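These notes are about the structure you will find just below.
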Amino acid sequence: MRKSLSEYKKIIGVDIETTDGKGKGSLDPFTGKIALIQIAHSNKNIELLRLNRETYRYIKDLLEDPEVLKIGHNFKFDMKFFIKENIYPTEIFDTMIASEIYYAGAGVDYVSEVVEAIKKDYERADEVLFEEYLSTMRKRTKGTRFQHNLQAVLKRELNIFISKEMQTSDWSKELTPAQQEYAKSDVKYLEQLAFALWKKLKDKNLENIFFLETQLMEVLVFMELTGVKISREIWEKRLKETERKMLELEKELKLEIYRNYVKKNDNVGLFSDLEEELARNINLNSALQMRKIFGSENVSKLTLEKQKDNPIIEKFLHYKQLMKEVSTYSEGYLGKLNKYGRLTSEYSQTKTATGRISSSNPNLQNVPGWFKYTISAEPNRIPVFIDYSQVELRILAYLSQDESFIESTNSEDLHSANARKVFNIPEGAPVPKDLRKKAKTVSFAIPYGTSALGLVQRGFFDTQEEAQRVIDSFYEAFPKVKTFLEENAKSASELGYTRDALGRIRVYDIPEKPKEYDKYYEEYKLIYNLVKEKEGKNIRNFLDYPTYKEFIEKSNSELISLITEDKFKAFKKIINYRMTVAAIRREGQNHPIQATSASITKTALVRLFDYLTKTNRGIITLSVHDSIFFELDKDDIISTIKVIKNIMEEAGREIIKGPTPVDVEVGKKVEILCKKCKQIYSDNQYYVDLEKDIIVDKLTQDTYNYCENCK
DNA sequence: GATGGTGGCACC
DNA sequence: AAACGGTGCCACCATC
C-alpha cells in the first residue's frame, strides 16, 4: 500500500484457511497448503474459493492487481502460502500491523482479556456478557497484554465479536454451513476495520510508519521463506565438542560439590562408588538445589562471579555456559535446517514496543557469536555482513543536537573523544585506557537510564560515588543530551507517549496516583531516609512483607513502631507508583533512540530488497537490529557492496540528519594463519578494499593475512 | 502430561 | 529517589 485508502479503484478483504493434508489446519507454509480463500467484495458479497485450475487465474490476477487494495489481518502468513503457489499479492493493508503500530507498547488491556474469557462462553457472547466480564476484569490490577488478533481488534475498534471456534476444523472437505459462516466472518468486516484504523493512524500522523511496515512485510516474507545457509558440519562439530566438555565437567562438578558441600561426615567417602551414586542425585540445573548448596541468594553469573576465586564456583559457571549452549542451540535449531541446508526463522515486525524486529522459531537474533562461523552461501555467492557502527550513540548525538557529542561521533575514536571531555583531558595528552572505558560504559548506560548503583552492581564501577561523579560529568559535558533524555522521560510519564525520528509512537500506561499519595508522601520521605540511615537499606526492601502482620512479626527493626497499618499500606502503594513511573521514564528515554535505530534498519531493508530484486545480484538473509546479512553474487560483488553500503548509510542520514557509517565484512568467518606471528586468528574469508576495487581470497592468497596485532 | 510462571542468559 | 532499554528460549517447578 502506497497511497490513501480512498484512492484505490477497488478494496477487498482477503483471508485463507490452510490444511496440513491430514485433516487439520497448518501454520507451516513449507508443508501446508491453502485449503480455502475468502474474498470479501463487500459485507454481503463474499466468495469462498478453492484454489484450482478454474479459479487460479482469477485469484492470481485479482491479488496481483495494483489497483485493488487487499485488506488482510496478519497477511504475512497468507502471503507465504500464496507465494508458494506462485501468486505474488501486491498493495496490502494489514489491519494487524495498523493496530500494532497505533498501540505500540500498550500494556494491560481489558478488551483482550474479555475476548479471551468469552471464548469459553460462546453461546452467551452478547453485550450483557461482555459487560459482565468487563466489570470483573476492571477490578483486577493485572490484565493480559494488549492483543492484536482479529477478534480482539474487531471488538476494540468496531465492537464486533466474531467466533473463532471453527479455526482448527478441517477445511479441505466439503464445508458445513457453520464453517461457511465462520469463513465469511473472517473477511466480512475487514474493509470497515481498515477504514477505522486508517483514520486512527492519520490522527497520529503514522501513515509513513505504516507504509514502511507494509513494504517491510514483503521483505520479511522473503527472508522467512529463504533463510540463511548453514554448514551443518561446522555447527555439529562445535556442538559435539561443547557437549563432551559439558558432560566431563558435570561429572567432576557433582563429585566435588558432593564432597565439599553436601557430605557432612567423612566415612561415606570410604565407599567411593556410593559417593558417586549420591553425587549423581545433584541436579546442576536446578537453581533451587544450587542455591541451597552454595548458600547464595541466587545462582546468576553476576552473583557467583564475586566468588570466582573458588574453583568450584568457577567450574560451575563454566558448566552453566556450556549447558546453555548445548540445550538451546542444538536440535531446536538444526532441526529447522531445510533440504537446501538453509535455516529459516519467523519474524515479527511490530510485536516489540520499540519497533524492533523480533525473531522466533528459532530466534536467530540471539545466537552466540560462533553462529557466524556456520554461515555459508550458495556456490556462486558470498556471505556479507554489514552493520551500522555505533548507531545508537550517533542517534543520541543528532537527535539531541548536542554539539560536543556530535563532534565526538565524528572523531576518530568516539569513546576517547568523549573521555577527553568528561574527564577534562587536555588536547594532545593521551587518554588513559581506564578513563576511555569508563566514558564508554557511561555512554551506553545513560540512554538506558542506568543509575550509579546499577553501574556498581554490574561491576562497572567500584563505588557509587565514583559512578555518580562520572554520570554528572557526562551530563555537564553534554548538556543537550541531558535535556533530550529528560524531555523524553517527561513526555512518557506525563503525556503518555514518545516518538522516534520517523514519528513512530510508543504509548505508556501512566498509573493513577494513589489517593494516599499526597497525604503520606512527606512522611514516606522521612521514613525513607530513616530506613536508609539506620538500616542501611532501601525502604522497598524494608517493607517487603506481603501483609502488615508479617511485617510486625518478622521484621526485627526498631522502626516498625513508627509505622501503623495504614501507613504500611500507603507506603507500599507509594513505592509501587513511584517505581512504575520511574520505569516509564527509563523506557521513555530509551524509546526514541532504539526506535530510530529500528526505523533506519527497516528503511534500509525495504530499499535493499527493492535494489536486489530488481538487479538480481543477491539476497538478504537475516537482520539483527543494526546489522544485515546478505548472500551476494560473486560477479561484480564490489560494485554491489558499494550500492548496498550507500543505501544503508543514506537511510540513516535521512532520518537523523547525520552520518551513520557502516562496517562491511565479506566472506565466511574462517581461521587464518598470520603471516608474521604464525598464530591462527579468525577473520572473514575475503579482504576487500572498496576504494581500490580490490578483493582477495585469503584462503588462496596470503597477501593480507595479518592478525590484529601484526597489521 | 500439559500449562504457565520464574530464573537465567544469549543477542543488540 | 529508584536502582538497565529491547527481545526469545531453556530447564525447572508448581499447578491442574
Side-chain angles (χ1 to χ4, degrees), chain A residues 104-105 142 144 283-291 297-304 317 320-333 345-348 351-372 387-388 390-392 396 441-442 444-458 460 464 467-468 471 485 488-489 492 498 506 521 524-525 528-529 531-532 537-541 574-595 597-598 601 622-628:
Chain A
K142 278 192 173 174
T144 23
N283 182 352
L284 297 174
N285 300 324
S286 165
L288 193 71
Q289 275 192 27
M290 300 317 288
R291 219 166 56 208
E297 182 108 356
N298 57 59
V299 284
S300 72
K301 210 157 80 177
L302 205 72
T303 310
L304 290 179
L317 283 171
K320 288 219 301 184
Q321 194 198 332
L322 299 179
M323 179 64 200
K324 166 89 182 172
E325 199 171 311
V326 168
S327 64
T328 305
Y329 306 106
S330 54
E331 267 317 294
Y333 281 72
S345 171
E346 286 165 33
Y347 300 96
S348 170
K351 233 185 70 182
T352 63
T354 56
R356 270 190 181 175
I357 296 168
S358 73
S359 154
S360 61
N361 294 320
N363 183 354
L364 294 186
Q365 291 180 327
N366 73 342
V367 270
W370 56 260
F371 172 61
K372 260 193 180 176
D387 63 291
Y388 285 102
Q390 325 242 43
V391 70
E392 292 206 352
L396 179 61
T441 303
V442 172
F444 280 117
I446 274 178
Y448 294 158
T450 313
S451 67
L453 181 67
L455 288 170
V456 174
Q457 282 173 348
R458 281 164 191 79
F460 296 120
Q464 220 170 306
Q468 193 58 55
I471 291 174
L485 293 172
N488 288 317
T498 46
R506 173 177 180 171
Y521 182 61
Y524 169 82
K525 264 206 309 203
Y528 179 96
N529 288 325
V531 168
K532 189 155 232 179
K537 57 176 153 182
N538 189 287
I539 192 166
R540 187 165 60 106
N541 308 104
I574 292 174
I575 292 167
N576 202 348
Y577 171 73
R578 296 193 68 92
M579 279 178 60
T580 311
V581 172
I584 289 176
R585 285 174 55 83
R586 286 195 302 276
E587 289 159 4
Q589 283 187 46
N590 182 253
H591 168 256
I593 304 167
Q594 195 180 121
S597 171
T601 303
L622 179 63
S623 169
V624 187
H625 311 310
D626 60 3
S627 69
I628 302 175

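This one's a predicted model, so the numbers in the text were calculated from it and none came from an experiment. The analysis underlying the following values was restricted to heavy atoms, covering all of them including side chains, and did not include hydrogens, waters or symmetry mates. Reminder, nothing fancy here: chain letters follow the sequence lines and each chain counts from 1.
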Show every donor-acceptor pair shorter than 3.5 Å between a side-chain atom in residues 445-453 of chain A and any protein atom, with sequence neighbours excluded, or say none if there are none.
from     : atom 1 : to       : atom 2 : distance (Å)
A:Thr450 : OG1    : A:Ala445 : O      : 3.1
A:Ser451 : OG     : A:Leu453 : N      : 3.4
A:Ser451 : OG     : A:Gly454 : N      : 3.0

Exercise. Touch check for A:Arg506, heavy atoms < 4.0 angstrom, all strands: base, sugar-phosphate only, or nothing?
Worked result: sugar-phosphate
Exercise. With a 4.0 Å cut-off on heavy atoms, is A:Lys532 in touch with a base, just the backbone sugar-phosphate, or nothing at all?
Worked result: base
For this session: On DNA chain B, reading 5' to 3', which nucleotide is the first and which the last to sit with an atom under 4.0 Å from a heavy atom of chain A, could you check?
Result: B:dG8 to B:dC12
Exercise. Are side-chain heavy atoms of A:Pro362 and A:Leu364 found at a separation under 4.5 Å?
Worked result: yes
For this session: May I ask you to test the A:Arg586-A:Asn590 pair for a side-chain heavy-atom distance under 4.5 Å?
Result: no
Seminar exercise, completed: salt bridge (Lys or Arg N to Asp or Glu O under 4.0 Å) filter on A:Lys532, not counting sequence neighbours, yields none
Could you state the [atom1]-[atom2] distance from [X] to [N], rounded to the nearest angstrom?
X: A:Arg578; N: C:dA2; atom1: CZ; atom2: P; result: 5 Å
X: A:Leu396; N: C:dG6; atom1: CG; atom2: P; result: 17 Å
X: A:Tyr448; N: C:dT7; atom1: OH; atom2: C1'; result: 12 Å

Exercise. Between C:dA2 and A:Arg540, is there an OP1 or OP2 to side-chain N/O distance shorter than 4.0 Å?
Worked result: no
Seminar exercise, completed: Walking DNA chain C from its 5' end, the first of A:Tyr528 and A:Glu392 to be reached, judged by nearest nucleotide, is A:Tyr528
Problem set entry | Divergence of helical axes at both termini of the helix from B:dG1-C:dC16 to B:dC12-C:dG5 - five pairs an end, 10° steps | 10°
Scan nucleotides 9-12 of chain C against the protein and return all N/O pairs shorter than 3.5 Å with their distances rounded to 0.1 Å.
from   : atom 1 : to       : atom 2 : distance (Å)
C:dC9  : OP1    : A:Asn361 : N      : 2.7
C:dC12 : OP1    : A:Asn283 : OD1    : 3.3
C:dC12 : OP1    : A:Asn283 : ND2    : 3.0

Problem set entry | From C:dA2, C:dG5, C:dG6, nucleotide with atom closest to A:Met579 side chain | C:dA2
Exercise. Expressed in whole Å, how much space separates the P atoms belonging to B:dG8 and C:dA2?
Worked result: 24 Å
Exercise. Hey, is the side chain of A:Gln594 pairing donor to acceptor with the base of C:dG6 inside 3.5 Å?
Worked result: no
For this session: State whether the distance check finds a donor on one side and an acceptor on the other, under 3.5 Å, for side chain A:Arg356 versus base C:dG6.
Result: yes
Exercise. Donor-acceptor pair, A:Ser597 side chain versus A:Ile593 backbone, under 3.5 Å?
Worked result: no
Exercise. Side chain of A:Ser348, backbone of A:Ser358: donor and acceptor closer than 3.5 Å?
Worked result: no
For this session: Could you tell me which residues satisfy ring pair (Phe, Tyr, Trp, His ring centres under 6.0 Å) with A:Tyr347, sequence neighbours excluded, listed by chain and number?
Result: none
